[in-house]
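The structure displayed is predicted, hence computed values, not measured ones.
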Amino acid sequence: MMREEEIDRITPHRAMELLRKDGIDVDADQAKIILDFFYEMAEIVVDTYLDEQKIRKFTLTQKRESKFKQSILKS
């Protein structure tokens, strides 16, 4: 589920610099592959988190409605 908003992506050259600081030497093509992987993983993590929040909210709503219906039936 890609959002319409564009984010400022790290450039492959910036990724190369950051990786080089940690002793990892990659070329621009490899850096692009790594960045694409990380952005895809980040999107999956965010989507999973948001889906879990929707499920949690739905479950809480269902429990509240159930308690409300039970209290009406008891009256």
Side-chain angles (χ1 to χ4, degrees):
M1 215 185 300
M2 185 73 174
R3 295 180 188 221
E4 296 301 318
E5 306 165 14
E6 266 307 308
I7 57 171
D8 292 333
R9 291 180 64 110
I10 296 173
T11 65
H13 291 290
R14 177 69 177 135
M16 289 168 59
E17 292 172 9
L18 293 170
L19 290 167
R20 195 173 299 121
K21 287 181 183 178
D22 287 330
I24 302 169
D25 288 319
V26 295
D27 62 29
D29 289 333
Q30 292 168 323
K32 185 180 179 327
I33 291 168
I34 292 167
L35 286 171
D36 289 343
F37 172 76
F38 281 134
Y39 280 109
E40 186 66 29
M41 290 303 297
E43 188 172 329
I44 290 167
V45 169
V46 169
D47 286 346
T48 301
Y49 174 79
L50 293 176
D51 287 345
E52 289 172 358
Q53 294 305 309
K54 287 178 191 174
I55 291 168
R56 185 172 291 125
K57 183 177 179 181
F58 176 77
T59 301
L60 290 173
T61 302
Q62 293 298 91
K63 286 181 180 178
R64 285 187 201 121
E65 288 177 2
S66 177
K67 285 182 181 180
F68 179 71
K69 287 177 185 176
Q70 289 175 359
S71 68
I72 290 175
L73 292 175
K74 288 180 183 177
S75 317

> Of all residues at least two apart in sequence or in a different chain, which pass the side-chain hydrogen bond (donor to acceptor under 3.5 Å, both in side chains) check with Arg20?
Replying inline: none
>> If the condition is side-chain contact (heavy atoms from CB on, under 4.5 Å), which residues does Ala42 pass it with, not counting sequence neighbours?
In response: none
>> Applying a strict under-4.5 Å side-chain criterion to I, L, V, M, F, W and Y, I'd like to know whether Leu18 and Met41 cluster together.
In response: no
> How would you list, by chain and number, every residue that makes a side-chain contact (heavy atoms from CB on, under 4.5 Å) with Gln53, sequence neighbours excluded?
Replying inline: Tyr49, Arg56
List, one per line, each side-chain donor-acceptor pair under 3.5 Å for residues 30-40, sequence neighbours excluded.
residue	atom	partner	partner atom	Å
Gln30	OE1	Asp27	N	2.9
Lys32	NZ	Asp36	OD2	2.9
Asp36	OD1	Arg9	NH2	3.0
Tyr39	OH	Ile10	N	2.9

